[in-house]
Amino acid sequence: MPDRYDVVIIGAGPGGYVAAIRAAQLGFKTACVESRGSLGGTCLNIGCIPSKALLQSSEKFAEAGRDLAEHGVKVGEVALDLGSMMGRKDKVVTTLTRGVEFLFRKNKVDWLKGKGRIAAPGRVVVTGADGASQEIEATSIIIASGSESTPLPGIEIDEKRIVSSTGCLALDRVPERLVVIGGGYIGLELGSVWQRLGAKVTVVEVLDHIVPNMDRELGTALQRVLARSGMEFKLGTKVAGIGEAPERLTLELEGAERQSLTAEVVLVAIGRRPYTAGLGLEAVGVALDEHGRITVDDGFATNIPGIYAIGDVIRGPMLEHKAAEEGVALAERLAGQKTSVDYDAIPAVIYTWPEVASVGKTEEELKAAAVSYRVGKFPFTANPRARTNGYTEGFVKILAESGTDRVLGVHIIGPDAGTLIAEAVLAKEFGASAEDIARTCHAHPTLSEALKEAALAVDGRAIHI
Ligand SMILES: Cc1cc2nc3c(=O)[nH]c(=O)nc-3n(C[C@H](O)[C@H](O)[C@H](O)COP(=O)(O)OP(=O)(O)OC[C@H]3O[C@@H](n4cnc5c(N)ncnc54)[C@H](O)[C@@H]3O)c2cc1C
């Protein structure tokens, strides 16, 4: 007799492992199928966590080399030990992925090691690395198989010289010149890591602006700061091909003019696409949309009864916290609750220096939808805490609906923007007005006072500017 579960989840990334833990908490007999040797998916193994570990270490390296003199701190010779930096990153990853294993044991979630395939509604076949298969039965199947890097046609990733984000997180030396194809957040974050460690970085982007999903004013400001730090940008430029010689790569570029660019390493970071290979979706008849994403309704149900999908493999932003929110919502819906995800209150953060963070609508979206809005802006140069810290780059921008004053979007570029955005997300979740933020007492001296001032500025009454 095959093992029988209430809920079987395929994929143990943030969508899958969070859904598994919540389902188990709700009393479901739960299993999670994962083929990778460790839990946590893209995020913990090759995404958010290793990239942030390297951003943190490389920032410390850059800071030690540049910034401390004005604080009266004299630093001796600063040298890079890349092996130790990578070792620390790997240790952070291992600690966190083992943490998920612990949480599975604590909540009695079975980790079924191997590749999962849906044989039929209610039936999953798990094939281990040794080729042995096991069939299990499930009342509900959740697909949380995530995403993979989108390849660039005609360019082969070898993860040594032409790398995806995965290879770029594990280079064994600092390249003299790194070319990043794609001006999205992954390319800019990883470009920042290697630039801080000494690489000359050029970003090639086919559009005429970077970070296309962000409010345009923030993208422009970010590009300006990164350019000032030495990062080069070739916008409106397409990579037509890469010539490989033993000592260097030559990129053929098409833009306003044809040109070529040499590099030691090329990072292809043009986006991510849903990963559904080997799941058996065609045989079972699970419908995909034109982008290869699994089609789901508001309750994450596919067109086949008993089969659900969450995370990067369905529509919406490909972000850890979005996948995790969907995991919780779906588990609770399976238990008869009415949980839903507010897609208008999902923050997005770029962990460059300065950080960029946003929630809700951009100015471009409001203009396109002909929504009337007011703007409140406040620069960090006028924020006392930013002054004491010595990081005054950037501003907070709040967009509020004209008649109602309801907060429609908040966009921050500046120090710790990724942490500051939490207040704005809460404001959106509670349907707050700019006035609500403006009337909220903020501790002094904190960076968060810039949010209060930007909210006051919506009504033209900021105090400190
Ligand atoms: C370099 C990089 C940096 C990132 N930084 C951030 C960030 O700072 N913040 C943020 O919010 N997001 C970030 N992301 C995105 C984030 O990692 C993803 O949005 C998130 O991991 C999606 O979660 P998921 O559960 O949908 O899928 P995934 O995390 O991709 O997990 C899917 C899992 O399913 C497994 N799997 C697939 N098919 C099968 C099968 N048939 N059988 C068994 N197992 C299977 C895979 O092995 C994988 O472990 C980053 C991504 C990258 C690449």
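Every number for a ligand or one of its atoms is a count from 1 in the order of the listing.
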J.: Within a distance under 4.0 Å of any heavy atom of Ser35, pick out the atoms of ligand 1 and give their elements.
T.: 43 (C), 44 (N), 45 (C), 47 (O)
J.: Atoms of ligand 1 less than 4.0 Å from Gly311 heavy atoms?
T.: 26 (O)
J.: Any atom of ligand 1 sitting under 4.0 Å from a heavy atom of Ser51?
T.: yes
J.: Can you tell which part of Arg272 has a heavy atom less than 4.0 Å from ligand 1: side chain, backbone, both or neither?
T.: side chain
J.: Quick check against the 3.5 Å criterion: does Asp110 have a side-chain atom that pairs as donor or acceptor with the backbone of Leu112?
T.: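 Such a contact is absent between Asp110 side chain and Leu112 backbone.
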J.: Could you list the atoms of ligand 1 found under 4.0 angstrom from a heavy atom of Tyr275?
T.: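 Counting from 1, the qualifying ligand atoms are 37 (C), 38 (N).
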J.: Below 4.5 Å, heavy atoms only, C-beta onward: do Leu399 and Lys361 meet side chain to side chain?
T.: no
J.: Among Arg117, Glu326, Glu34, which one puts a heavy atom closest to atom 35 (C) of ligand 1?
T.: Glu34
J.: If you take the nearest heavy atom of each of Gly114, Ser145, Gly13, Gly278, which one is closest to atom 43 (C) of ligand 1?
T.: Gly114
J.: Within a distance under 4.0 Å of any heavy atom of Ser147, pick out the atoms of ligand 1 and give their elements.
T.: 30 (O)
J.: Is it the side chain, the backbone, both or neither of Ala323 that has a heavy atom closer than 4.0 Å to ligand 1?
T.: side chain
J.: State if Tyr17 counts as touching ligand 1 under the rule of any non-hydrogen atom under 4.0 Å.
T.: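 Tyr17: no contact with ligand 1 (<4.0 Å).
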J.: For ligand 1, indicate whether the residue Pro50 contacts it via side chain, backbone, both or neither (heavy-atom separation under 4.0 Å).
T.: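 No part of Pro50 comes within reach of ligand 1.
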J.: Report the part of Ile10 in contact with ligand 1, treating N, CA, C, O as backbone and CB onward as side chain, heavy atoms under 4.0 Å; options are side chain, backbone, both, neither.
T.: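 Contact part for Ile10 vs ligand 1: side chain (C-beta onward).
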J.: Which ligand 1 atoms, with their elements, are less than 4.0 angstrom from a heavy-atom of Cys43?
T.: 17 (O), 21 (O), 29 (O)
J.: Ligand 1 versus Ile186, non-hydrogen atoms closer than 4.0 Å: side chain, backbone, both, neither?
T.: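 The side chain, only.
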J.: Using a 4.5 Å cut-off on heavy atoms from C-beta on, say whether the side chain of Val268 contacts that of Pro151.
T.: no
J.: Counting only heavy atoms, tell me which of Gly16, Gly280, Cys48 gets closest to atom 16 (C) of ligand 1.
T.: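 Heavy atom nearest to atom 16 (C) of ligand 1 belongs to Cys48.
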J.: Side chains of Lys397 and Glu217: does their closest heavy-atom pair fall under 4.5 Å?
T.: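 Yes, their side chains come closer than 4.5 Å.
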J.: With heavy atoms of Ile46 as the reference, note each atom of ligand 1 found under 4.0 Å away.
T.: 1 (C), 53 (C)
J.: Suppose we measure from atom 15 (C) of ligand 1 to each protein heavy atom; which comes out shortest, and what is that distance?
T.: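 Answer for atom 15 (C) of ligand 1: Tyr185 OH, 3.5 Å.
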J.: Using a strict cut-off of 4.0 Å, indicate which atoms of ligand 1 neighbour a heavy atom of Lys52.
T.: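 Reading through ligand 1 atom by atom, the close ones are 5 (N), 6 (C), 7 (C), 8 (O).
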J.: With a 4.5 Å limit on heavy-atom distance, are the side chains of Leu54 and Met85 in contact?
T.: yes
J.: Considering only heavy atoms from C-beta outward, does the side chain of Ile162 approach that of Ile242 to under 4.5 Å?
T.: yes
J.: Taking 4.0 angstrom as the limit and counting only heavy atoms of Ala144, give me the atoms of ligand 1 inside it, by number and element.
T.: 32 (C), 33 (C), 34 (O)
J.: With backbone taken as N, CA, C and O and side chain as the heavy atoms from C-beta onward, which portion of Ser165 lies under 4.0 Å from ligand 1: side chain, backbone, both, or neither?
T.: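 It is the side chain that gets close, since no backbone atom is under 4.0 Å.
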J.: Taking both backbone and side-chain atoms of Arg36, is any N or O found less than 3.5 Å from an N or O belonging to ligand 1?
T.: yes
